[in-house]
Amino acid sequence: MENTEQVREFGGWLKRYTHKSESCHCDMTFSIYLPPKAEKDKVPVLYYLSGLTCTDDNFRTKAGAQRYAAEHNIALVMPDTSPRGDDVHDEPDRYDLGKGAGFYVNATESPWTPHYNMFNYVTRELPALIESNFPVSNVRSVCGHSMGGHGAIIAALKNPGQYQSVSAFAPIANPVDCPWGEGCFGAYLGANKETWKSWDSVCLLESGAQCPPLLVDQGGSDNFLEEQLSFDKLQQACTTRGLDATLRKHDHYDHSYHFIASYIGEHIAFHSQHLNA
């Protein structure tokens with residue numbers, strides 16, 4: 001790993017690293033915030049997965065999360081959303097496919113398969129790297145926004161017991177049935193839509209996947225709510241299963257980081273209850 005940046009914040013350190021990824025076969029970037037307690041003891045980790053077009057930089061500069069992470073003695077790990085580099089295949093005319101749109105799946109279709117293995121990266125490779133090199137424990141939770149909300153929920157559903165809790169802001173909850181999901185899944189996973197269901201939060205819940213305590217916040221004035229996000233389907237799937245899930249819709253909030261910044265403190269407090277139990 002190469003440490004490319006470090007900044008003192010709220011008594012802790014915000015650091016940025018690049019490293020060669022075995023999953024994505026390219027150089028990957030992540031940021032990590034280590035709270036003050038990490039200078040003396042190991043702390044639990046909250047992984048945050050960002051949305052379409054984002055990098056690790058959006059959350060760490062816009063959400064205001066580090067203040068709450070310091071208060072709750074939680075490390076924040078913020079990976080990039082997709083592989084990068086000159087050798088990585090891309091669709092430069094599209095924001096919703098290719099670089100910036102890894103969708104947290106393991107691609108099965110050419111030319112995407114060599115690099116677009118973000119599920120393995122965020123759920124296997126990155127945690128192992130973090131736990132081997134930083135003063136953190138193997139107690140983890142996961143959170144995300146939009147495409148990253150989709151990634152966070154499927155990470156928890158497909159890995160029972162790996163995360164103590166999961167939360168999401170405006171997740172793409174049913175990607176097999178929305179334009180963003182159909183575009184990426186068709187490219188990365190192929191034409192057989194039955195195989196897509198194993199990467200879909202609503203489908204996984206309907207099929208009985210185990211789910212840790214879940215918190216979801218959705219803006220009522222989100223421009224993408226009706227066409228892309230399927231909040232009502234996610235709510236119905238959780239209700240039908242009788243899960244430990246809190247799903248909230250907030251009037252007048254949109255899809256932006258203004259919304260995330262308004263509720264990130266509550267999300268970190270929610271995760272703290274489970275990470276520090």
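Everything numeric here is computed off the predicted structure, so don't read it as measured data. All values below come from the heavy atoms of this structure, side chains included, with hydrogens, waters and symmetry mates left out.
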Step-by-step side-chain contact (heavy atoms from CB on, under 4.5 Å) determination, His274 to Val139:
CA-CA 9 Å; His274 302 284; Val139 181; over 6 Å; no
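- The other members of the hydrophobic cluster of Phe270, by chain and number, are Leu215 (side-chain heavy atoms under 4.5 Å, ILVMFWY only).
- Ring planes of His267 and Phe169: parallel class, angle under 30° (limits at 30 and 60°).
- Proximity of a side-chain donor or acceptor of Tyr95 to a complementary backbone N or O of Gly100 within less than 3.5 Å is not detected.
- Here the closest heavy-atom approach between residue Asn192 and residue Trp196 is recorded as O-CD1, 3.4 Å.
- In this structure, OH on Tyr68 lies 11.5 Å from CD on Gln66, to the nearest 0.5 angstrom.
- Note: His250 and Tyr263 meet the aromatic proximity criterion, with ring centroids under 6.0 Å apart.
- With 3.5 Å as the limit, one finds a donor-acceptor pair spanning the side chains of Ser272 and His72.
- A donor-acceptor contact shorter than 3.5 Å is absent between the side chain of Asn174 and the backbone of Leu234.
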His271/Ser167 under side-chain contact (heavy atoms from CB on, under 4.5 Å): CA gap, chis, key distance, verdict
CA-CA 8 Å; His271 290 296; Ser167 73; 2.8 Å; yes
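- Of the residues Val122, Thr55, Asp56, the one that meets the side-chain contact (heavy atoms from CB on, under 4.5 Å) test with Pro79 is Val122.
- Taking SG of Cys184 as the reference point, atom OH of Tyr116 lies at 9.5 Å (rounded to 0.5 Å).
- In the model, Thr239 has no side-chain atom that pairs as donor or acceptor with a side-chain atom of Gln235 under 3.5 Å.
- Although no hydrogens or angles enter the test, the distance criterion places no donor-acceptor pair under 3.5 Å between the side chain of Ser230 and the main chain of Lys233.
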Residue pair Ile268, Leu46: steps toward the side-chain contact (heavy atoms from CB on, under 4.5 Å) verdict:
CA-CA 8 Å; Ile268 291 178; Leu46 175 62; 4.1 Å; yes
Compile the donor-acceptor pairs under 3.5 Å between side chains in residues 147-163 and protein atoms, sequence neighbours left out, one pair per line.
{"residue": "His150", "atom": "NE2", "partner": "Phe103", "partner atom": "O", "Å": "2.9"}
{"residue": "Lys158", "atom": "NZ", "partner": "Ser198", "partner atom": "O", "Å": "2.8"}
{"residue": "Asn159", "atom": "OD1", "partner": "Arg124", "partner atom": "NH1", "Å": "2.9"}
{"residue": "Asn159", "atom": "OD1", "partner": "Arg124", "partner atom": "NH2", "Å": "2.7"}
{"residue": "Asn159", "atom": "ND2", "partner": "Ala155", "partner atom": "O", "Å": "2.9"}
{"residue": "Gln162", "atom": "OE1", "partner": "Arg124", "partner atom": "NH1", "Å": "3.0"}
{"residue": "Gln162", "atom": "NE2", "partner": "Thr123", "partner atom": "O", "Å": "2.8"}

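- Taking Asn223 as the reference, nothing meets the side-chain hydrogen bond (donor to acceptor under 3.5 Å, both in side chains) condition, with sequence neighbours excluded.
- Side-chain atoms of Glu125 and Ser23 form a donor-acceptor pair, as typed in the model, at a separation below 3.5 Å.
- Checking Cys211, Pro213, Ser165 one by one against Asp244, the side-chain contact (heavy atoms from CB on, under 4.5 Å) holds for a single residue, Pro213.
- Going from atom CZ of Phe259 over to atom CG of Asp222 covers 7.5 Å, rounded to the nearest 0.5 Å.
- Side-chain contact between Tyr253 and Ser221 is absent, with no heavy-atom pair separated by less than 4.5 Å.
- Open room surrounds CD on Gln210; 12 or fewer heavy atoms of other groups in view lie less than 6.0 Å from it.
- When all heavy atoms of Ile264 and Ala261 are compared, the pair lying nearest together is CG2-O, 3.8 Å.
- Note: His115 and Tyr188 fail the aromatic proximity criterion, with ring centroids not under 6.0 Å apart.
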Begin from the C-alpha positions of Val105 and Met118 and carry the test side-chain contact (heavy atoms from CB on, under 4.5 Å) through to its verdict.
CA-CA 6 Å; Val105 300; Met118 288 300 296; over 6 Å; no
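- In this structure a side-chain-to-backbone donor-acceptor pair under 3.5 Å is present from Asp200 to Val176.
- Going from atom CD1 of Ile130 over to atom CG of Leu126 covers 4.5 Å, rounded to the nearest 0.5 Å.
- Between the CD atom in Gln164 and the CG atom in Asn276 there is a gap of 10.5 Å [rounded to 0.5 Å].
- Applying the salt bridge (Lys or Arg N to Asp or Glu O under 4.0 Å) test to pairs two or more places apart or on separate chains, those with a residue in residues 135-150 are Glu131-Arg140.
- Within 6.0 Å of CZ in Arg16 there are more than 12 heavy atoms belonging to other residues, nucleotides or ligands.
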Full working for salt bridge (Lys or Arg N to Asp or Glu O under 4.0 Å) between Asp217 and Lys249
CA-CA 6 Å; Asp217 280 317; Lys249 187 180 289 185; over 6 Å; no
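- No more than 12 heavy atoms of other residues, nucleotides or ligands sit less than 6.0 Å from atom CD of Glu226.
- The six-membered or imidazole ring of Tyr48 lies away from that of His145, with a centre-to-centre distance of 6.0 Å or more.
- Remark: side-chain polar atoms of Ser207 are paired, donor with acceptor, to backbone N or O of Leu204 under 3.5 angstrom.
- Linking ILVMFWY residues whenever their side-chain heavy atoms come closer than 4.5 Å, directly or via other members, leaves Leu14 and Ile32 in distinct clusters.
- We find that Glu5 and Arg60 are joined by a salt bridge, their nearest charged nitrogen and carboxylate oxygen being less than 4.0 Å apart.
- The salt bridge (Lys or Arg N to Asp or Glu O under 4.0 Å) contacts involving residues 35-45 comprise Arg8-Glu39, where partners must be two or more places apart or lie in separate chains.
- Here Leu205 contributes atom CG and Gln236 contributes atom CD; the two are 11.5 Å apart, rounded to the nearest 0.5 Å.
- Counting only residues at least two apart or in different chains, ring pair (Phe, Tyr, Trp, His ring centres under 6.0 Å) contacts with residues 200-246 comprise Trp180-Phe224, Phe224-His255.
- Within a 6.0 Å sphere centred on CD of Glu109, other residues, nucleotides and ligands contribute more than 12 heavy atoms.
- Aromatic rings of Phe119 and Tyr104 (six-membered ring for Trp) have centroids beyond the 6.0 Å cut-off, not under it.
- Contact of the Trp112 side chain with the His89 side chain is registered, since non-hydrogen atoms from C-beta on lie closer than 4.5 Å.
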